[in-house]
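Every chain is numbered from 1 and lettered A, B, ... according to where its sequence line falls, protein lines coming before strand lines.
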2 protein chains.
Amino acid sequence: MSTPTIHSDALAQKLADSGLRNTPQRELVYDALLTKRDHPTADEVYARVKTQLPGISLATVYNCLETLVQCNLVRVVNFERAPTRYCPHLHPHAHFHDESTGATHDIELPDQLLAAIKAVLPSGYSADAVEITFRGKLPSPR
Amino acid sequence: MSTPTIHSDALAQKLADSGLRNTPQRELVYDALLTKRDHPTADEVYARVKTQLPGISLATVYNCLETLVQCNLVRVVNFERAPTRYCPHLHPHAHFHDESTGATHDIELPDQLLAAIKAVLPSGYSADAVEITFRGKLPSPR
DNA sequence: AACAATAGTTAGAATTATTCCAATTTAGAC
DNA sequence: GTCTAAATTGGAATAATTCTAACTATTGTT
């Protein structure tokens, strides 16, 4: 048989780069994301892929998505499902999430920058809130 | 007895403005957030408040936090616990979450703006990733 | 080609954060 | 003081995700 999905070449390449195997499940999951680019949830991807591969399991969909993220083919929108956190600091500000410690630090945002950020919205869009989160590792404390 | 917590006045005021009652639980929850500003989870707040009011329930902590958010005294950091979404669009971009429909749209970010955003980090900080999410309602479609 | 070693998939159980619900308690209005 | 609505409580329910152990497929080796 020929390639079962549309974008298998790029995927196969990236997988090989990471020393991972190409599988029909991975192809179909990636294809589902590329075919309808509406930021689906794992469950939605599961539903779509199932029409083509009825035997696939939800666990596999999660595994494949994780693999695609690790190969830099896919990004996660609501980063790592961590418990919601609460902040009594109301002045608009960003957060820096330190991946070494798990701590979250406030980062001040100049009003000017905030205005510039809101200005990128196409006309017709208006945002009630903007959430800006940096992720990275802080150098070990002095 | 006098006021059991430190910041009860501002809280009482805001609650009154919203037609809500002041309760010891709400005071203690708010106080926990103000006393240690480390963006705690609901569970962490629960643990802290429990030392002062052992009978409080986790459900009440969730309720109080929700109330404080509604009074504009507290902000949520990882907005609404929704399923993680996946995006095959790798070019740096922001997301607009339309609260009317639940849909998520890509928003392009000029490189220049992205650079300006990264520039607000204090020295010593370096971000592997920046997540920018707008939330709002889109006008009904034409 | 057979065969081990490894990687991937599967179903279902387990976990975790959160919400819901029905019953009880509390606070403010009269 | 009593009534009514609001708030709290404990426990059950839900939902997203992760874990586990068994099975399957693929690769490299002989």
Can you check the [X] [atom1] to [N] [atom2] distance for me, whole Å?
| X | N | atom1 | atom2 | answer |
| --- | --- | --- | --- | --- |
| A:E27 | C:dG8 | CD | P | 14 Å |
| B:L53 | C:dT25 | CG | P | 16 Å |
| A:L58 | D:dA16 | CG | P | 10 Å |
| A:L28 | C:dG8 | CG | P | 16 Å |
| B:E44 | C:dA17 | CD | C1' | 13 Å |

Listing, residues 58-66 of chain B side-chain donor-acceptor contacts under 3.5 Å, not counting sequence neighbours, or none:
unit_1	atom_1	unit_2	atom_2	d
B:T60	OG1	B:S57	OG	3.0
B:N63	ND2	B:A59	O	3.3
B:E66	OE2	B:Q70	NE2	2.8

What pairs of nitrogen or oxygen atoms, one from the protein and one from nucleotides 27-30 of chain C, lie under 3.5 Å apart?
none

Run the side-chain donor-acceptor check on residues 105-116 of chain A: report pairs under 3.5 Å with partners two or more places apart or on a different chain.
unit_1	atom_1	unit_2	atom_2	d
A:D106	OD1	A:H93	NE2	3.2
A:D106	OD1	A:H95	NE2	3.3
A:D106	OD1	B:H39	NE2	2.8
A:D106	OD2	A:H89	ND1	3.0

Taking side-chain contact (heavy atoms from CB on, under 4.5 Å) as the test, write out the residues that go with B:S18, two or more places apart.
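Partners of B:S18 by the side-chain contact (heavy atoms from CB on, under 4.5 Å) criterion, ordered by chain and then number, come out as B:L20, B:C71.
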List in chain and number order the residues that pass side-chain contact (heavy atoms from CB on, under 4.5 Å) with A:K50, two or more places apart in sequence or in another chain; answer none if no residue qualifies.
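Only A:Y46, A:I56 meet the side-chain contact (heavy atoms from CB on, under 4.5 Å) criterion with A:K50.
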Under 4.0 Å, heavy atoms only, any strand: does A:I56 hit a base, just the sugar-phosphate, or nothing?
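Result for A:I56 = sugar-phosphate.
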Could you pick out which residue, B:Y46 or A:D43, lies toward the 5' side of DNA chain D when each is mapped onto its nearest nucleotide?
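Here B:Y46 is the residue nearer the 5' end.
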Salt bridge (Lys or Arg N to Asp or Glu O under 4.0 Å) involving B:K118 - partner list, sequence neighbours excluded:
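With sequence neighbours excluded, B:K118 shows a salt bridge (Lys or Arg N to Asp or Glu O under 4.0 Å) to no residue whatsoever.
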OP1 or OP2 of D:dA25 under 4.0 Å from side-chain N/O of A:Q25:
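Looking at the OP1 and OP2 atoms of D:dA25, neither is under 4.0 Å from any side-chain N or O of A:Q25.
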Once you round to the nearest 0.5 Å, how far does OG1 of B:T67 lie from CG of B:N22?
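One finds 11.0 Å between OG1 of B:T67 and CG of B:N22.
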Treating B:R48 as the side-chain partner and B:P40 as the backbone partner, does any N or O pair qualify as donor plus acceptor under 3.5 Å?
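Flag not set: sc B:R48 to bb B:P40 has no pair under 3.5 Å.
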Considering residues at least two apart in sequence or located in another chain, which fulfil the side-chain hydrogen bond (donor to acceptor under 3.5 Å, both in side chains) criterion with B:D17?
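Partners of B:D17 under the side-chain hydrogen bond (donor to acceptor under 3.5 Å, both in side chains) test: B:Q13.
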Near DNA chain C, under 4.0 Å by heavy atom, which residues of residues 59-69 of chain B?
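Nucleic-acid contacts, sorted: B:A59, B:Y62.
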